[in-house]
Amino acid sequence: MSVSAGKFTFAIDRGGTFTDIWAKCPSGKVRVTKLLSVDPKNYPDAPREGIRRIIEQESKTKLPPGELIDSSVIEWIRMGTTVATNALLERKGERMALAITKGYKDLLHIGNQARPKIFDLEISSPDQLYEDVIEIEERVVFHQDICEIKKQCPTVTGSTGEKLEIWKQVNITKLKEDLKKLLQKGIKSLAVVLLHSYMFSDHEREVGQVAMEMGFTHVSTSSDVMPMVRVVPRGYTACADAYLTPCIKEYVAGFSSGFQNNVKDSKVLFMQSDGGLTPMELFNGSRAILSGPAGGVVGYAMTTYEDHPVIGFDMGGTSTDVSRYAGEYEHVFETTTAGVTIQAPQLDINTVAAGGGSMLIFRAGMFVVGPESAGADPGPTCYMKGGPLTITDANLCLNRLLPDHFPKIFGKTQDQPLDTKTTMAAFDKLTKEVNAFLASQPGTVHQEPMSNQEVAMGFVRVANETMCRPIRALTQAKGHDTARHVLACFGGAGGQHACAIARSLGMTQVFVHRFAGILSAYGMALADVVHEQQEPCAKVYKNESFKHLEERISVLISKCNQELLTQGFLSNQIAHTVFLHMRYDRTDCALMVTSKPSPTSAFSHGDFLAAFQNRYNTEFGFTLPDRPIIVDDIRIRGVGKAMHETEQLIEKADGPPKHETITLCYFEGGFQDTHVYILSDLRAGHVIPGPAIIMNDTSTILVEPCCQAVITKHGNVKITVGTGTVQKVGTDLDAIQLSIFSHRFMSIAEQMGRVLQRTSISTNIKERLDFSCAMFGPDGGLVANAPHIPVHLGAMQETVQYQIHDKERMFYNSNFFCHWICKNLRTCKMYIFHSKITFDLNDCMIISSNNNPHEDMSLILSFQSPPRMLCNTTDCPSQLKLEPLGHLGPDTVTDALNAPGKIPGSSGTRNLHDNLSDLKAQVAANQKGIRLINSLIDEYGLNVVQAYMKHIQYNAEIAVQEMLREIAKNTRSKTGSTSLMAEDSMDDGAKIAIRVDIDEEKGTAVVDFTGSSYEVHGNCNAPRAVTLSALIYCLRCMVGHDVPLNQGCLKPVTTIIPKGSILDPSENAAVVGGNVLTSQRIVDVIFKAFGTCSASQGCMNNITFGDDRFGHYETVAGGAGAGPTWNGRAGVHTHMTNTRITDPEILERRYPVILNRFHLNPDTGGRGRHHGGDGVIREYLWRKSLTLSILTERRVFQPYGLFGGEPGCRGENLMFYKDGRIVSLGSKTSVHCDAGDVFLLKTPGGGGFGAADSDEPEASDRAKRRKFNTEVEKRKLPSSHVGRWKRIRL
C-alpha cells in the first residue's frame, strides 16, 4: 500500500466545529486547510469541499462545487469524524429499539444503579438511546453441577467450552408480533441483547435474522458487536451501535456520492477509537466514538516519542484530553461517553471539563474554573455575543492572545477582532467582587486590592491545576513518574498553557508540532490499518489448556489475515499481536496481556503467565501465586503496515530569528516585554528565549520566562522549561492558592481511591466500589474526601479522632508510620489510617485514611448484615496495630480475624487470604497518600500545607453559612420564624425527630435531635458518627455547588444528639442496620425539615444469601424523591450509598441463583407536580438450599411527599415457596430456602413534590394502579402448585 506517484493523499479530521485537512499533492507539496464543519449555505460537506478546493488550487483547473470530483487522482483519503460522538451527545442518532431477554426491559435504565454525582439531588442521566423495548421470550442459563433443580431441557456447549441449559427457546410467534409493532412506528434499527449471548449467540442470531426478513434495515446483536461477559455494558454497546451505525453509513454514503464512481477509485479509510484505520464499509458506531481524538494520539505518538514517555495534552474550547504513550498505545475496554458505557477497545484518553471556553466564577472566596462552558454560542465575552468570562478572556486580559493575529470573525458583521474593551469591563466588575470579599476577610495575603491582571492570572493558575489532575491520575496513580514525561501539546488553546502545566508537574520538555492545530488530521496520515478479532474463553491458563488456546488463536489470526489481504496488503506487510484477557480466579480485575514468543515457554505465543504476573505486580503491587488464572477472552489485533508519511525538512537558520513585533504580556510579577514570532518565518536551529509568543496558523504558543524554545529540523517547537521564579507561599490565606490546594488535596484522595480499587481483591471494593479514602488534619478533622460513599463521611473522622485521643497507645516513636485497624461504630467496617509523627507526640502532621467493609467478620450469620441483632462485637478489636511500614504481622492479624469464630454461633473469617490481601491494599492506598502528601510538603512546607487545610475547612464553613442565611431569609418570609421541624418513623415505630434553629445574622444553626426514640433492641441504632455523616451530606447537597467537602461544613452547626437514643446508642448496641437503614431515614428527616426534596426510598435494601461455603451481599436501588424543579429518578441508589450492583451474568455465573427479572416497578413513585422515581422489582430463583437474610425499611411507612405531593409506595419482600405458599417476610428476617423457591423483592418508590396539576388523571385512578398489591402476582408455576397458595404474614 505505497503511495502512487502523481496522486493526492488526504488526511481529514471532521470535528464538531472545524474540519482540518492535511493534504500531500502529487508534487510533494503539503497543503493545510481549515473549514467550518457545517456551512450549508456554501457547501454540503466540509471534507469533500476541502478536497475539491485543494485539487482545484493545485491543478489550477476550475472545479465547480456541484460537479462530481474525479477520485482517480486521489490515492487515499483517511478520515476521523465526530459524527458518531455528536449524534450521541445531542441524541440525534437513528430511531432504534431494544430487544432484550424477558424480565429485563429496564435493565439498561437501571444500569449499575449508581448515580453519577453523589451530591446532586436532581439525579440527571442522559436519555436512553432506544425508543422502545420488546421482551424476547427465551432463556439460557449456566449449567451448574451443584444445581438441585432437576429440569428436563437441552444442554449445549458455548464458545468458551462451558455448558449451558436452554430453559426456553425463542418464541418466534410473539417475536414477530412485537417486531411488526415496531415497524409500524417507523423504527427500523434494532439492538438485540440476550443474557449469556456472548458465549451462546444462537438466539440473538435467530432474532436478528427474523428482524431483517421483516424489513429492519439494521440489526446490532451484542454477541457480534462485542462478545464479552457482562450484559449491561454489552447491551449499552449494542444500543450505541444500532443508534450510530446507520448515521455513519448515511454520512459515508453522502460523502461518497460527491465523487465519480462513488469514490471507488480511491482507498477510503476511517479512524477507529483504538487508533487504527478501517475501510469505510466496515466503520461502525460502537468503534467510532473517539475517531477524531484518536488521530491526535497517533499524531503525537509518531512524531514526539523517542526515549521518554509522552503525555498528550489536547486543550480545546470546552474540554481538555490527556493521554499517554510509552512505545505502545494504551487501551481501555470500557468507557462512558455521554452517559453510555461502551465496551470496545479505545485509546485511554481522559477528559477534564476545562478548556478555553470554561467559565470563570468567584464563589464563597474561591476561584472556580468550569465545569460550565460558554460553548461556541455565545462563547467567551470577547466574542461579542454577550457571553461570560472564560479562560480565553483571561488570556486576552493578560495580553497572551493578540487580536491582530486572531481571525477577525466576530461582531454582527463577522469581520471584527476580539473585543478587548468588553472583556476588560467584565474583569473590572469581577475584580471588584473579589476585592470586596477579600476586604471582609481578616488575615489574608491580599492587603492591597487585586488588579484585573492579578485576578485573570489567578484563574489561569487554577485552570492549569485543574488540567494537571487528569495528568497526575494518568501517571502517578499508575506508578509512573510524571516528571520523566515529555508534554506533547496540540489543539487550539494548549500552547498558551503548556509551559506552566509542565512546570507544575515537574516536566522539563514541551513539544509542539508545527501541525499542532491540526494534529488529529495529521495523525490519520501516520496511522496503520487495523482489523481485530475477539472471542470469549473460560479456560484456566495451564498446560492442559494450551492446545485449545493455540487452536482458537490460529483461527482468529487467519480471519484477521484474510481481511487485511482482501484490503490489498501483502503478507509481509501484515503483523498481528495476540492478547489474552486474564484474571485471577474469584477476582474481577482482568488485564489484557500480550507477550513475545519465548523459547522456554510451552505456549508458542509467549510466556503469558510471567507477563500477566509482571503486569499485575506493576499495576497492583502484589500477586496471588497460589490462585488459578482464568483466560476470559482471546483477542487478535491484526495490523496492515502502511507506508508512513515522512516529515519534511525545513531550511537551516543562517542568522538570529526575526521577531514580528514586541508586546507587553502579564506574568507572575507584572508585565514583561514579549517578542512575537511567526512560526513559518523561523528556521531550523533558531533559539527563542522566553518570554515570547510564537504564532502559528492555527494556534498560539506562549514561551514563558525562564523557558527556551528551539525550532527543530522539521519545523516543530521544542521548549525547555526552567524552574522560573518560585513564588513564596505563606500561611496566610491566598484566594488563588486556596483553589489550587483544593485541587491538590482532592487529587491525593482520588489517587488513594484508585490505588485501593486496583490493589484490592474483594468484590465490595473492586466491583461495588464500597469504600472511601480521605485526608485529615492534625486534629483529625476531615480535609478532603474523594466522593465515594457518603455514609463514611463522619465515620472515618470519628475513627481517626478516637485514635488521636488515645495517642499514648497509638504514637510511641518519632518519624514512624503506624497502621491501625479500628473497629469503628460497632459495625464490621474496618478502617486503616497512617499518621506521621515528628518531634513529639503533640505534633501530628497529617493523616490519610481509608475504609473497607470486611463483610464476614464476627457475625452470627456467615455473611454480612444479619437482620435483627449483631452480637459479640466485643471480639472485634477496637484497635490493632500492624507491623512497621505496612508489613502484616501474620500471627496477630490472623488471630484477630479468626477470633470471633471462638464464640458459639459466630464465624471468623471465611477467606483469610483475601482479607489479608485487602488489608495490604488499604495499606498501599495510604502509603500512596503519604507519598503524595510528603511531596506536597516538600514543595510548600509543612506549616503551609497545614495552614491551607484549615483554610479549606474555613471556605466550606463560609459556603454553609451563606446557605443557612439564605434558608433563614426564605423561611422567615414565609412563616415569620427561622425554626424548622420534622419527624419520621422507622418500620418498628422508632421515631427520628429534628428541630433546626437558624441564626440568620451569623449564618449558624442548632440542629437538635431531641425527641428521637431511645436505643432499640434491634440493629437499627445509628452511632453518632453515622448521624453526623448524614448531616454533613445534607449540608453539602443543599449548598448546591461544588465546595470542598470537609469538617468545615459542620463548623456553623451545633449538633445536639441525645445520648442513649437511636442516634447515639450505648457502646454495645447493635448498629449494622443504623449504618445502612437509619442513615437514610435521618437524611429524609433533615430534608423534610428544610423542605429540600421529598423522601427517597429511605432504604438500601440489603440482601444477603449463602451457606457455609459462599456468601453474596448486595444493596438494591429504588426510587429517588422529587424536588422543586425535578422528577425523581427511577431505579437508582440514593443519598447515603452509591454502590454498584453485580451484573446479572456475573451473578448467575458465580452463584446458584437465577435472576428471573430485574426491572422498574411502574407507578410506585409518588404523584405530584414533580413525580417521585419508581422502585424496582428483583426476583431470585434459588438453585440450591441456602440461607437468605434481608435487612430493609419502608415496608410499613411510605416515603413522604412534600407540598401536596403524594408519598411513594412501600417496598415488599415476598417468598414464593415451591410447595405453593406465599409468605410476606416483613422488613427484616433470615429464612432457609430450598432449591426452586423464589424471592421477590419490591423496593420503595420516591415521594412526589407539589400538588399535581388539575389536568392530570384523577388521583383515584392512579391510586388504583399504584395500590399496594396484596394479591398474588400472576406467575406461571408448576400445575401442582395452582390453588395451593396461602398468604401468610410473619
Side-chain angles (χ1 to χ4, degrees), residues 114-123 746 749 769-774 781-799 824-825 827 829 851 953 956-957 959-960 963-964 967 980 982 984 992 994 996 1005 1007 1009 1022-1053 1055 1057 1063-1064 1074-1100 1115 1118 1120-1121 1123 1128-1129 1132-1139 1193 1199 1246:
R115 60 194 187 277
K117 298 180 179 179
I118 63 173
F119 299 117
D120 283 1
L121 297 175
E122 181 180 0
I123 303 172
M746 283 300 299
L769 305 186
D770 189 2
F771 65 90
S772 288
C773 295
L782 180 64
V783 172
N785 183 88
H788 296 132
I789 304 298
V791 77
H792 300 158
L793 298 177
M796 294 176 71
Q797 176 173 289
E798 290 275 311
T799 301
N824 184 47
L825 317 178
T827 70
K829 291 184 179 291
N851 155 266
Q953 292 173 333
E957 178 183 349
V960 172
M963 179 266 293
L964 289 173
I967 291 174
L980 307 166
D984 202 348
I992 297 175
I994 188 174
V996 182
V1007 177
F1009 290 97
R1024 176 184 175 85
V1026 168
T1027 305
L1028 293 177
S1029 291
L1031 179 57
I1032 195 174
Y1033 165 80
C1034 292
L1035 293 172
R1036 170 59 183 82
C1037 289
M1038 289 188 290
V1039 166
H1041 56 78
D1042 285 338
V1043 296
L1045 178 67
N1046 54 54
Q1047 180 62 17
C1049 291
L1050 283 179
K1051 191 70 179 294
V1053 178
T1055 308
I1057 307 175
L1063 305 183
D1064 189 4
N1075 195 43
V1076 296
L1077 300 179
T1078 312
S1079 63
Q1080 297 282 56
R1081 195 60 52 83
I1082 297 169
V1083 170
D1084 282 346
V1085 172
I1086 294 172
F1087 283 147
K1088 185 177 183 180
F1090 281 92
T1092 306
C1093 62
S1094 297
S1096 293
Q1097 67 162 334
C1099 180
M1100 296 184 193
T1115 58
R1129 170 82 175 173
V1132 69
H1133 255 328
T1134 56
H1135 298 322
M1136 298 303 284
T1137 187
N1138 202 34
T1139 56
E1193 270 289 321

Results of side-chain contact (heavy atoms from CB on, under 4.5 Å) for Glu957 - residues two or more places apart only: Tyr954, Gln961, Lys1051, Pro1052
Side-chain heavy atoms of Thr1078 within contact of Ile992, under 4.5 Å: yes
Pairwise distance SG(Cys1049) to CE(Met1038) - rounded to 0.5 angstrom: 10.5 Å
Non-neighbouring partners of Thr1134 that pass side-chain contact (heavy atoms from CB on, under 4.5 Å), sequence neighbours left out: Ile123, Gln1080, Ser1096, Gln1097, Ala1120, Val1132
Heavy-atom pair with the smallest gap, counting every atom of Arg1024 and Ile1057: NH1-CD1, 3.7 Å
Aromatic plane relationship, His1135 with Tyr1033 - under 30° parallel, 30 to 60° tilted, over 60° perpendicular: perpendicular
Interatomic distance, Phe1009 atom CZ to Ile1086 atom CD1 [nearest 0.5 angstrom]: 4.5 Å
Residues which pass side-chain contact (heavy atoms from CB on, under 4.5 Å) with Cys1093, listed by chain and number, not counting sequence neighbours: Leu121, Phe1087, Trp1126
Nearest atoms (heavy-atom pairs only) where Arg1081 meets Asp984: CD-OD2, 3.6 Å
Rounded distance (nearest 0.5 Å) linking atom CE of Met1136 with atom CD1 of Ile118: 9.5 Å
Distance (rounded to the nearest 0.5 Å) between Ser1094 OG and Asp1084 CG: 9.5 Å
Distance in Å, Ser1079 OG paired with Leu1028 CG, rounded so as to fall on 0.5 Å steps: 12.5 Å
Closest contact, heavy atoms only, Ala1030 versus Val1083: CB-CG2, 3.8 Å
Closest non-hydrogen atom pair between Val783 and Gln953, with its separation: CG2-NE2, 4.0 Å
Any donor-acceptor N/O pair, Thr1027 side chain to Leu1063 backbone, under 3.5 Å: yes
Exercise: identify the closest heavy-atom pair between His1133 and Thr1139: CD2-O, 3.1 Å
Results of salt bridge (charged side-chain N to carboxylate O under 4.0 Å, His left out) for Arg1129 - residues two or more places apart only: none
Over all atoms of both residues, closest heavy-atom pair of Val1026 and Gly1074: CG1-O, 3.7 Å
Listed partners of Lys1088 passing side-chain contact (heavy atoms from CB on, under 4.5 Å), at least two apart: Ala982, Tyr1200, Leu1202
Side chain proximity check, Leu1031 to Thr1055, heavy atoms < 4.5 angstrom: yes
